[in-house]
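Worth saying up front: this structure is predicted, and the values here are computed from it rather than measured. Note that the numbering runs from 1 along the sequence shown for the chain.
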Amino acid sequence: NILLFSFLMIRRPPRSTLFPYTTLFRSHKITFLDIKHDEGIDIEVDLSSSALPLPEGIYTENYNLVICCNILEHVEDRNLFIQNLLGFTRRGSILMLTVPRLYPKHNDPIDTMFRPTIDELTNFIGLYTAFDILDSEELVISDKSYYQRKAGRLLDIILMRPQRLYARWFFKPLRWKATCMLIKIK
């Protein structure tokens, strides 16, 4: 069973176009979790809020793979969020985490500017569970097209002038980065 967190997305395309995983893992049950109801969302819950109790029976199913991409920088209470997220895992589960490392502030609706290194992310997750690191890397976004202005891309309009955005690609130290980890829960 696979759990995908698609947290805080303003507008979501249909499941088939956003998540090609559905064709890769046909023999697995894929569950989509988000903070708000939308097309294709199986579980609607805010794992970062202590104000609302979690729905009863939410942890009845443990998942072999939990994918949590680019969420932790949008969560005010990361400690509560990660504790709740780990409730979906069991011994032997794989957890894939990605967090921006070098990336501009992007309120969607908030950005806490959490930009950890691999060691910082390892230490943070290690506060809540024992795990083995299967792989970890700081990825550099080197695709030239990512830095060019694209019609309708909100980040281009809000964050940067097109000239500055495109210039980031030419200067390697300025290229955006992401911290990625693949861990196995002990």
Side-chain angles (χ1 to χ4, degrees), residues 2-15 17-19 21 30-55 58-59 63 65-89 93-129 131 136-141 146-147 150 152-160 165 168 174-183:
I2 300 169
L3 179 65
L4 290 172
F5 284 82
S6 53
F7 191 72
L8 294 173
M9 296 184 76
I10 293 175
R11 196 170 162 176
R12 177 184 338 289
R15 181 188 294 209
T17 59
L18 183 63
F19 296 109
Y21 311 114
I30 300 176
T31 304
F32 294 86
L33 183 143
D34 202 314
I35 193 171
K36 61 184 178 186
H37 179 72
D38 204 346
E39 178 186 346
I41 299 302
D42 300 308
I43 301 173
E44 177 188 349
V45 65
D46 183 357
L47 295 180
S48 65
S49 175
S50 59
L52 301 171
L54 293 176
I58 193 167
Y59 295 127
Y63 294 87
L65 173 63
V66 176
I67 301 173
C68 178
C69 297
N70 301 324
I71 295 173
L72 292 174
E73 75 274 15
H74 296 290
V75 176
E76 288 182 18
D77 189 349
R78 278 184 297 281
N79 299 313
L80 179 61
F81 179 85
I82 206 70
Q83 289 171 345
N84 288 331
L85 175 131
L86 290 170
F88 291 102
T89 64
S93 292
I94 305 293
L95 176 59
M96 184 179 110
L97 293 163
T98 65
V99 182
R101 175 69 185 119
L102 177 62
Y103 199 78
K105 185 171 182 151
H106 54 289
N107 291 325
D108 186 12
I110 63 163
D111 186 349
T112 61
M113 291 302 291
F114 182 61
R115 305 291 193 264
T117 63
I118 291 170
D119 289 338
E120 291 167 343
L121 190 57
T122 300
N123 292 336
F124 173 67
I125 302 300
L127 295 173
Y128 303 100
T129 189
F131 61 89
S136 63
E137 188 172 347
E138 191 172 276
L139 299 176
V140 177
I141 302 170
Y146 193 83
Y147 298 92
K150 294 182 179 135
R153 191 164 72 175
L154 193 59
L155 283 177
D156 291 356
I157 298 164
I158 295 173
L159 297 175
M160 304 184 84
L165 183 70
R168 292 187 81 83
L174 298 178
R175 290 188 186 172
W176 292 326
K177 299 175 184 172
T179 300
C180 306
M181 287 182 62
L182 191 63
I183 62 176

Could you walk me through whether Val140 and Trp176 satisfy the side-chain contact (heavy atoms from CB on, under 4.5 Å) test, starting with their C-alpha distance in whole Å, then the side-chain angles of each, then the deciding distance to 0.1 Å, before giving a yes or no?
CA-CA 6 Å; Val140 177; Trp176 292 326; over 6 Å; no
Criterion side-chain contact (heavy atoms from CB on, under 4.5 Å) on Leu65 and Ile67, from CA distance to verdict
CA-CA 6 Å; Leu65 173 63; Ile67 301 173; 3.9 Å; yes
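A donor-acceptor pair under 3.5 Å is formed between the side chain of Tyr59 and the backbone N or O of Asn84. Judged by distance alone, the side chain of Ser49 and the main-chain N or O of Asp46 form no donor-acceptor pair under 3.5 Å. A donor-acceptor pair under 3.5 Å links the side-chain atoms of Ser93 to the main chain of Tyr63, judged by distance alone.
Results of the side-chain contact (heavy atoms from CB on, under 4.5 Å) test with Thr112 over His74, Lys105, Arg78 single out Arg78 as the only residue that passes.
Between Phe131 and Met181, the shortest heavy-atom contact is CE1-CE, 4.2 Å. Residue Pro116 comes nearest to Arg101 through the heavy atom pair O-CD, 3.2 Å, listed as atom of the first residue, atom of the second, then distance.
In this structure, CZ in Phe114 is found 6.0 Å from CG in Leu72, a value given to the nearest 0.5 Å. Note: Asn70 CG to Thr98 OG1 = 3.5 Å, rounded to the nearest 0.5 Å. Note that CG of Leu182 and CG of Leu97 are 9.0 Å apart. Values are rounded to the nearest 0.5 Å. The structure places OG of Ser48 at 7.5 Å from CD of Glu76, a figure rounded to the nearest 0.5 Å. Separating the OG1 atom in Thr31 from the CG atom in Asp42 is a distance of 5.5 Å, to the nearest 0.5 Å. Between the CG atom in Leu33 and the CG atom in Leu85 there is a gap of 9.0 Å [rounded to 0.5 Å].
Put simply, the side chain of Ile43 does not reach to within 4.5 Å of the side chain of Phe32, judged on heavy atoms. In this structure, the side chains of Leu47 and Leu80 stay at 4.5 Å or more apart for every pair of heavy atoms. Under the 4.5 Å side-chain criterion, counting only non-hydrogen atoms from C-beta, Ile125 is in contact with Ile183. Counting heavy atoms from C-beta outward, Cys68 and Met96 have side chains that stay 4.5 Å or more apart.
Remark: Arg115 is not positioned above the aromatic ring of Tyr103, lacking an NZ or CZ atom under 6.0 angstrom from the ring centre and at most 45 degrees off the axis.
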